[in-house]
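Worksheet: the structure to be examined is printed underneath.
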Protein chains: 2
Amino acid sequence: MLHIHDVRKLTGVTVRTLRHYDHLDLLMPAAKTEGGHRLYGEYELKKLQQIQFLKQIGFSLGEIKSMLQEENWEWTDSIKKQLIYVVQEQQHLHQTEILLRELMNSIALEGQDHLEAIRKLMLLMDGEKTMQDRYKEKVFNQQQMQLLDRIPRMVGHDSDSLEWIGLIGQLKEHMDRGLSDDRVQQIIRRMDEKRSEQFEGEDDFLNKLWEIRLSPEESEKMGLYPIDQDLLHFMEDAYTVFMQSKQKEKD
Amino acid sequence: MLHIHDVRKLTGVTVRTLRHYDHLDLLMPAAKTEGGHRLYGEYELKKLQQIQFLKQIGFSLGEIKSMLQEENWEWTDSIKKQLIYVVQEQQHLHQTEILLRELMNSIALEGQDHLEAIRKLMLLMDGEKTMQDRYKEKVFNQQQMQLLDRIPRMVGHDSDSLEWIGLIGQLKEHMDRGLSDDRVQQIIRRMDEKRSEQFEGEDDFLNKLWEIRLSPEESEKMGLYPIDQDLLHFMEDAYTVFMQSKQKEKD
DNA sequence: TCTACAAAATGACGTTACGTCATTTTCAAG
DNA sequence: CTTGAAAATGACGTAACGTCATTTTGTAGA
C-alpha cells in the first residue's frame, strides 16, 4: 500500500489533487489507516494514469468519471465531440494569431495611438463593406465546412466502418488510374465482399450505392458520408467492370 | 443616453456582463438615474467594443483594464506575450488532436475494451522518440528507413492506415471463425494485396519488420502500436493457408 | 395621480480544477 | 512518550460571467 506522498513521487500528481479526486469520488484510496490517512494500491495507480491521460486529451473530470464508471458509456461520441472542439479551437486560435499580428503591425504604423490601431482593425473585422472581408469570411466558412466534413468522415468507431472509410479514401486516391486498374478493381472486390457480408440478400452493390445517395443518415452511420458525386459514379462504373470480368471468369 | 437594455440590443453584450464590468471598474456608465439605473453614452459604446475586441484576442479583463487605463502601457509586450501563448496553445491542441485520433483508431482496433486501448496508447506515448530513432537505425539500412515511413501508423488519418487498422480489427473480430473461414481469408487476401502494392520486392524489410512485430518489447522500442501476440500468430497461420490455396489454384 | 407590470439593481451562489493558507490529527522515529 | 514531519479537514480564491431570488425603479395606462 502506498502512502499519498509516495503516489505523488511516483506520478507527479500533487497531494491536493489526489484529495480532490477523492472528494469527487473519481479516485478513492484503496484503504485508509485508522487515523484516516489515504492508502493507494496498484489498481489506483493505473486508474490515476488513465485519468491523467484522459485529462490531457481535454476531458473534464466529470466526463472522465462517467467514462471510467459507466459500463456502456459512448466513448466514441465523447471522442468525436472532443475532436470537433479541438479542431475548432485550433481554427479560432489561428484567427486570433492573425489578428494579433495585424494588431502589432497596426500599432507599428500608428505609433502611440493604440486605440486608433484597434479602431481600424475592428473596421476590418466586422466591416460590412470591403470585398476583402467578404472574401475572408467566405474562406473562413469554407474552411469550417471542410473541417466539419472531414471530422466525421475520417473517424470511425469500429473496425468495419474504419475499413469502409479507408477503402473509399483509397478509391478516391486512385480514381485517375481508370476503371480497370488492378488496384481499383481490388478495392471494389473488397467492397463487394464487405457489402455481401453486411447486406446479405439480393440487393446488390448498385442498390446499395443508390441507397447511400438517397439516405444520407444511413450512410453516415456506416461512415460513408459524405461521398462526392464523382466518386459515386466512379464506384458505380468500376463495379460494372468488376461484374463483367467476374462473369467472364465464370464462362 | 442609452439604457442598459439598449446597449445590449446594440452590441449583444448581456446586461449581466455590463454590470460585471461596472463592478470591476472596467466600464462604468456615464451616468445613473436617480434610482440608480445605468446610462451609457457614445464613449462607453466605443470603449465596450474595444473591450470586446481585446477579449477576443484572448486578453483577460484585468489586462484590458490596464491597457485602456494606464497611459504608457507597453502594448507590444502584451501582444508579444499573447502571441507566444496563442502559438503554443495551437501546438498543444494539435498534439491533442493527434492523440484523439489515435485513441479513436485504437478503440476501433480493440473493440469495446476502451481501457486496453488507453493502456496501449500510453505505452506508445511513454517511448522516447530519440531512442526509437536510434533503434530503427540499428536494425534497418538507409533504404529501408525510408520504407518505414510507409508503414501504417495509428495516428495516420490517411486512408491507407485506416484500412489497415480496419482490416486488423476485423481479423481480430473473426478469429474465432478459424483460419480457413471465407471472411478471414478475404481479409488476408486484401492485406496481401496492400502489402504487394506498397512493399513489393522488399521481402528483407518485411521480414525484419514482422520479427519486430512478433516481439512486444521490440515493437515498443520502435514505437509501433502493440498488437496481441495471438492475433499476430493467427495472421501468420491464416497467411500460410492463403498461400497454400493460392498455390493449389495455380496447379 | 395612482396602479400595475416590466425592467433594473443588488446580492449570493455555482461553475473548473485545483493552489494556498490555517488549524487540527496522525504517524513514525528516537 | 515526545516530537517534528506529514496528513487531514475546511475554507477561500481564481475568471468571467450565468442564474436565481428579492427588492426598487421606471413608465404606460386608467
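Each chain gets a letter, A, B and so on, in the order its sequence line appears, and its residues count up from 1.
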Note to self: Checking side-chain polar atoms at under 3.5 Å, does B:D160 have a donor or acceptor matched by the opposite partner on B:Q198?
What the structure shows: yes
Notebook entry, point to check: Looking for any heavy atom pair under 4.0 Å, which part of the strands does B:R38 touch: base, sugar-phosphate only, or nothing?
Noted result: sugar-phosphate
Margin query: Tell me the interatomic distance from B:R16, atom CZ, to D:dC17, atom P, rounded to whole angstroms.
Written below: 9 Å
Next item on the list: State whether a side-chain donor-acceptor pair under 3.5 Å links B:E173 with A:S159.
Entry: yes
Next item on the list: Mind calculating the distance between CG (B:L48) and P (D:dA16) to the nearest angstrom?
Entry: 15 Å
Notebook entry, point to check: Side-chain donor-acceptor pair under 3.5 Å between B:E102 and B:Y225, yes or no?
Noted result: no
Notebook entry, point to check: Just to confirm, is there a sub-4.0 Å distance from OP1 or OP2 of D:dT25 to any side-chain nitrogen or oxygen of B:T33?
Noted result: no
Checklist line | Covered region of DNA chain C, 5' end to 3' end, by chain A [heavy atoms, under 4.0 Å] | finding: C:dA17 to C:dC27
Note to self: By nearest heavy atom, map B:F59 and B:E34 onto DNA chain D; which one lands nearer the 5' end?
What the structure shows: B:F59
Margin query: Taking 4.0 Å as the cut-off, does a side-chain nitrogen or oxygen of B:T17 come that near to OP1 or OP2 on D:dA16?
Written below: no
Margin query: Rounded to whole Å, please give me the gap between CG in B:L39 and C1' in D:dT25.
Written below: 12 Å
Item checked: N or O in side chain of A:H37 less than 4.0 angstrom from D:dA6 OP1/OP2 -> no
Item checked: Non-hydrogen side-chain atoms of B:L171 and B:M235 separated by less than 4.5 Å -> yes
Margin query: A side-chain contact here means heavy atoms from C-beta on lying under 4.5 Å apart; do A:Q90 and B:Q90 qualify?
Written below: no
Check: To the nearest angstrom, how far is A:H20 atom NE2 from D:dG13 atom C1'?
Finding: 14 Å
Next item on the list: May I have the distance from B:R19 (atom CZ) to D:dT24 (atom P), rounded to whole angstrom?
Entry: 15 Å
Next item on the list: Write down the distance between CG (A:D6) and C1' (D:dA7), rounded to a whole number of angstrom.
Entry: 13 Å
Next item on the list: In whole angstrom, give the distance that lies between atom CD of B:Q56 and atom C1' of D:dC17.
Entry: 17 Å
Notebook entry, point to check: Can B:D158 and B:S161 be counted as having a side-chain donor-acceptor contact under 3.5 angstrom?
Noted result: yes
Notebook entry, point to check: Looking across every strand, which nucleic acid part, if any, lies under 4.0 Å from A:L24 by heavy atom: base, sugar-phosphate, or nothing?
Noted result: nothing
Notebook entry, point to check: Is the phosphate of D:dA16, meaning OP1 or OP2, less than 4.0 Å from a side-chain N or O of B:Y21?
Noted result: no
Next item on the list: May I have the step-by-step check of side chain to side chain contact (heavy atoms under 4.5 Å, CB included) for A:L68 and A:W73, ending in yes or no?
Entry: CA-CA 8 Å; A:L68 297 181; A:W73 177 266; over 6 Å; no
